[in-house]
Amino acid sequence: MSFDATYKEKKLKSVGTRPLRPDGVDKVTGRARYGADFNMPGQLVARVLRSPHAHARIMRIDVSRAVALKGVKAVITAADLPDLTNGNAALYAILDNCMARTKAFYDGHAVAAVAAIDAKVAREALKLIEVEYDVLPHVVDVDAAMAPDAPLLDENLFTQGIDPAPTTPSNVGNRSEFGHGDVESGFAKADVIVERSYKTEQTHQGYIEPHACVASCNVDGTAEMWVCTQGHFVYRQTCADLLGLEVSKLRVTSSEIGGGFGGKTHVWAEPLALALSRKAGRPVKLVMSREEVFRASGPTSQTSIDVKIGATKDGKITAALATLRYSSGPYADSWAETGAMTSFACYDLENVKTVGFEVIVNRPKVAAYRAPSAPMAAFAVESAIDELAHKIGMDSVELRIKNAASEGSRSSYGPIYGPIGIGPTLEAARTHPHMSAPLGKNQGRGMACGFWFNFGGQTCTDLNISADGTVTLAVGTVDVGGSRASLSLIAAEELGISYDDVKAVIADTSTLGYNDMTDGSRGTFSSSMATISAARNAIVTMRERAALMWDIPVEDVAWEEGHAKAVGASYDNRAPLSVKDIAAEAGNTGGPIAGHSELVADGAGVSFGTHICDVEVDPETGATRVIRYTVIQDAGKAVHPAYVEGQYQGGAAQGIGWALNEEYVYGADGRLQNPGFLDYRIPVCSDLPMIDTQILEIPNPNHPYGVRGVGETSIVPPLAAVANAVSDAVGVRMVHVPVSPPRILAALNAKAKG
Amino acid sequence: MTSIAVSTTINGDDVEFLCRADETLLDVLRNRLGLMGAKEGCGTGDCGACSTIMDGRVVCSCLVLGAETEGREIETIEGMANGSDLHPLQSKFIEHAALQCGVCTPGFLMAAKALLAAHPDPTEKEIRFWLAGNLCRCTGYDKIVRAVQDAAAEMRGEGT
């Protein structure tokens, strides 16, 4: 049956309420099982040897002494992972990142791995592996890597997207361009122009749970893996591709996930655990240390961005231009392209152009981090907009409202918008009490907007009705922030039953069809769509069963408020049949009742947010405290408002950390200086105030309940909102995040010297 | 390899175990005693995910050696509920949506329990500083602070 996903306004009973989450008791009692909380009989412990050099050719690896150590059961190098990528550059980059093949490209790049009877023996074995390196010149900074004399990471990399194609290699993998109109003629019409360069430093997602898995390969070609991941189906596919396994013979079970934020959408050590298990013939557990997590997984791009915006005296933007340089680690990728697409997405612009450059450097392979690439672009653009407002003498909210995109606007990256929330979030900010609250000495206020596309994608869901009428909902999108609660609400709503009668679980890769990852804010959006579809299919079956029970034509059976009802004057005396009534008779009416759904969830509604931030800066130390913070964001429809608020607050807190403190610090030797939570300081409880939230609901026309993704947009505005607030407090434009105490003091000193 | 025999009390029960000299309390809890509620987020005492209570004081169990617990009283998350009755902090964390991924939650609950033992009526500032040793990357702490405030009120008999 075709599924109609069109939004229809209706009164909702379950959706929009705040019931207790189904995984709550497990998580407050210590029973929830995360990546490292699973063990198999006879399992070995794995440890990974990593390069201490930022850039080095691997001349020789001798593992013989490690192999000979008592208790060591397998040692692997790149030779144990033959290249099966068949010309797929993205897959090759994953393979090379899992285990360096010819060169180590960053401090922390894996070069060998060991499986032994315990961690102590494994650690000792690593010390016995001899690696001979030819250390090469390195480059870690995005701007330095683009310099003509920069050390080259890949002598065969010629920039794509440039005509004519370059004849000399460089560290720039690709150039991309977006926009419309003619920016030069637009700037010619401007009364005021702001032009500045900005920089953002590399940050880590900072999930509290390190990557962990248990892998078990059998001699018959079957394999199992328990792993913390945002996408077990994708991990299965990637691992099977890299190891030459048959996809359906690798069963992957996702554990509870201790945070991901994009960082658990990519495989790191999982193929190594499988390769070790295959070689040793025993299950292998591999858990990264926190230092490994920082050195070898996850980070964002470091960026360098130039923005030029022109406007008339009355605040109408006439042209907007941005050049964005994003580092991607040692392999060419498409992070700058995403940044270039999102840069000006909040605004309705006649003339706009954005250009992105993908830059490879001797840092870890960049991974997605919550609205990947958008926060840096928003920092640059929203800082420039703030400066433009000051220059024109206009309120910065008014300036944004005057230029905000709306339904029918052509976005800077191409598509025409449907109904969107940027205007409403700005209107809400204008009238929010926060905007007019008085500020004290050394305090400043900033605001900023943010955009994220939101994704849909492939989704498969099963809804099984038990004999007692309760429902098991099996979904394939990993629950990273409470989606089992929100999807249970959706199932309850659609079937017309109680939330307490629905139990949602995350199915493993062998018990459900393929699902894309929980990324792009798609978990609740796409799995709720599939849940609604599956529920409607189950209702079709339940109507048929009711018709059989009543011995009347199915056309005369309607479904209303969780009950089959006989429609027609002759059926007056029949009491409606509940789900429980129908389920109880299932064995006599055709067997088990289930609804299945497989679909590509199209039409994820774009998302916008506006944030307001107050800070207080200590002029002597440069230390900044966020003293008030407000998030206003469009959710389309908040399925479980408490967890929508949680997404808003969590994204804001991560953005505040990025804005004020978090950064990868490299030494002159190209080694990461702060691979731990002591020196890479994420916000702690005493750093933050309460984070106020305001949920707007502008229905997504492409979802039955109007749902949009909510998970990512909240990290987009904070870099600019905080930096604008600091700039307001200290009277100097801050152009480099994090705006850490040394950078603030340097700005204050420069200002004092005039 | 020489192991050390240790006698200690965990969640009110007498427990004996053997461990090597370099094993932490966290290693012992997770790998020898099957108490997996304490998590290793960093192994360096920076994240608080392995927080337990030793002789009434919150400790990072990754910074305590297993052998050091001889004769001590250890409390872990597994002992927080009274049978099937959740501790008010546990109930309030669920009620206030004070957890998302939940991996930091056992540590927060241990630290919050110690806080409320010392300060039954804490200010927001006291809560924030008592919990500053526990990292949460999901929530922004807002709902955690509110859950602790509400649990404290309930434990004082103030009903909400």
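Lettering follows sequence order; numbering is per chain, from 1.
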* Asked: Which one, B/His87, B/His96, B/Glu124, leads in non-hydrogen pairs under 4.5 Å with chain A?
  -> B/Glu124

* Asked: Counting only N and O atoms by type, is there a donor-acceptor contact under 3.5 Å from the side chain of A/Arg21 to the main-chain atoms of B/Ala97?
  -> no

* Structure fact -> For B/Tyr141 and A/Leu688, the nearest pair of non-hydrogen atoms, with its separation, is CD1-CD1, 3.7 Å

* Structure fact -> Note: A/Arg123 and B/Asp22 closest approach over all heavy atoms is NH2-OD2, 4.3 Å

* To do: Measure B/Met36 against the heavy atoms of chain A and call it side chain, backbone, both or neither at under 4.5 Å.
  => both

* **B/Phe129, part contacting chain A, at a heavy-atom distance under 4.5 Å** => both

* A/Asp479 vs B/Gln100, side-chain contact (heavy atoms from CB on, under 4.5 Å): CA-CA, chis, key distance, verdict -> CA-CA 9 Å; A/Asp479 180 355; B/Gln100 288 178 32; over 6 Å; no

* Audit row: A/Lys120, B/Arg20, side-chain contact (heavy atoms from CB on, under 4.5 Å) steps and yes/no -> CA-CA 11 Å; A/Lys120 190 164 183 278; B/Arg20 289 197 312 263; 3.5 Å; yes

* Could you check which of A/Gly482, A/Ala36, A/Ala652 has the highest count of heavy-atom pairs closer than 4.5 Å to chain B? => A/Ala36

* To do: Below 4.5 Å from any heavy atom of chain B, which atoms of A/Tyr629 appear? Answer side chain, backbone, both or neither.
  => neither

* To do: Quick one: which of A/Gln205, A/Arg33, A/His640, A/Arg681 has the most heavy-atom pairs under 4.5 Å with chain B, could you say?
  => A/Gln205

* Are any of the side-chain heavy atoms of A/Gln649 and B/Lys143 separated by less than 4.5 Å? -> yes

* Structure fact -> Rounded to the nearest 0.5 angstrom, the CG-SG distance for A/Leu678 and B/Cys47 is 12.0 Å

* To do: Applying side-chain contact (heavy atoms from CB on, under 4.5 Å), run through B/Ile144 and A/Cys685 and close with a yes or a no.
  => CA-CA 9 Å; B/Ile144 292 176; A/Cys685 198; 5.6 Å; no

* Asked: Using a cut-off of under 4.5 Å for heavy-atom pairs, which of A/Gln654, A/Glu291, A/Glu256, A/Glu645 has the most such pairs with chain B?
  -> A/Gln654

* Asked: Quick check: does any side chain N or O of B/Gln90 sit under 3.5 Å from a backbone N or O of A/Val28, one acting as donor and the other as acceptor?
  -> yes

* **Contact class of A/Asn39 relative to chain B, heavy atoms under 4.5 angstrom** => side chain

* **Residue among A/Ala32, A/Gly651, A/Ala642, A/Gly260 with most heavy-atom pairs under 4.5 Å to chain B** => A/Ala642

* To do: Among the options A/Gly646, A/Ala212, A/Ser289, pick out the one with the most heavy-atom pairs lying under 4.5 Å from chain B.
  => A/Gly646

* Shortest non-hydrogen contact from B/Arg137 toward A/Tyr680 -> NH2-OH, 4.4 Å

* Please report the closest heavy-atom contact between A/Phe677 and B/Gly41, naming both atoms and the distance. => CE1-O, 4.2 Å

* Asked: Short question: side chain of B/Asp142, backbone of A/Met690 - any donor-acceptor pair under 3.5 Å?
  -> no

* Taking B/Thr139, B/Leu89, B/Ile127 one by one, which has the highest count of heavy-atom pairs under 4.5 Å against chain A? -> B/Thr139

* Top of A/Gly481, A/Gly30, A/Ser686 for chain B proximity - count of heavy-atom pairs under 4.5 angstrom -> A/Ser686

* To do: Flag the pair A/Arg31 and B/Glu78 as a salt bridge only when some basic side-chain nitrogen lies within less than 4.0 angstrom of an acidic carboxylate oxygen.
  => no

* Structure fact -> Scanning both residues in full, the closest heavy-atom pair of A/Tyr34 with B/Cys101 reads OH-O, 2.7 Å

* Structure fact -> Okay, A/Pro19 and chain B: the region with an atom under 4.5 Å from a heavy atom over there is neither

* Engaged part of B/Leu86 at the chain A interface, taking heavy atoms whose separation is under 4.5 Å -> side chain

* Which pair of heavy atoms, one from B/Cys138 and one from A/Phe261, lies closest together, and at what distance? -> SG-CZ, 3.7 Å

* Structure fact -> Max heavy-atom pairs within cutoff under 4.5 Å with chain A, candidates B/Pro106, B/Cys42, B/Gly133, B/Gly79, goes to B/Cys42

* **Heavy-atom contact with chain B under 4.5 Å, split by part of A/Phe38** => backbone

* To do: Decide yes or no for A/Ile208 and B/Cys136: does some side-chain heavy atom of the first lie under 4.5 Å from some side-chain heavy atom of the second?
  => no

* Part of A/Val25 lying under 4.5 Å from any heavy atom of chain B -> both

* To do: Only one of B/Leu135, B/Asp46, B/Leu131 passes side chain to side chain contact (heavy atoms under 4.5 Å, CB included) with A/Val684; say which it is.
  => B/Leu135

* Under 4.5 Å from any heavy atom of chain B - which part of A/Ile257 -> backbone

* Is a donor on one side and an acceptor on the other found under 3.5 Å between the side chain of A/Lys27 and the backbone of B/Cys104? -> no

* With chain A, which of B/Asn31, B/Thr44, B/Ile94, B/Asp27 has the greatest number of heavy-atom pairs at distances under 4.5 Å? -> B/Ile94

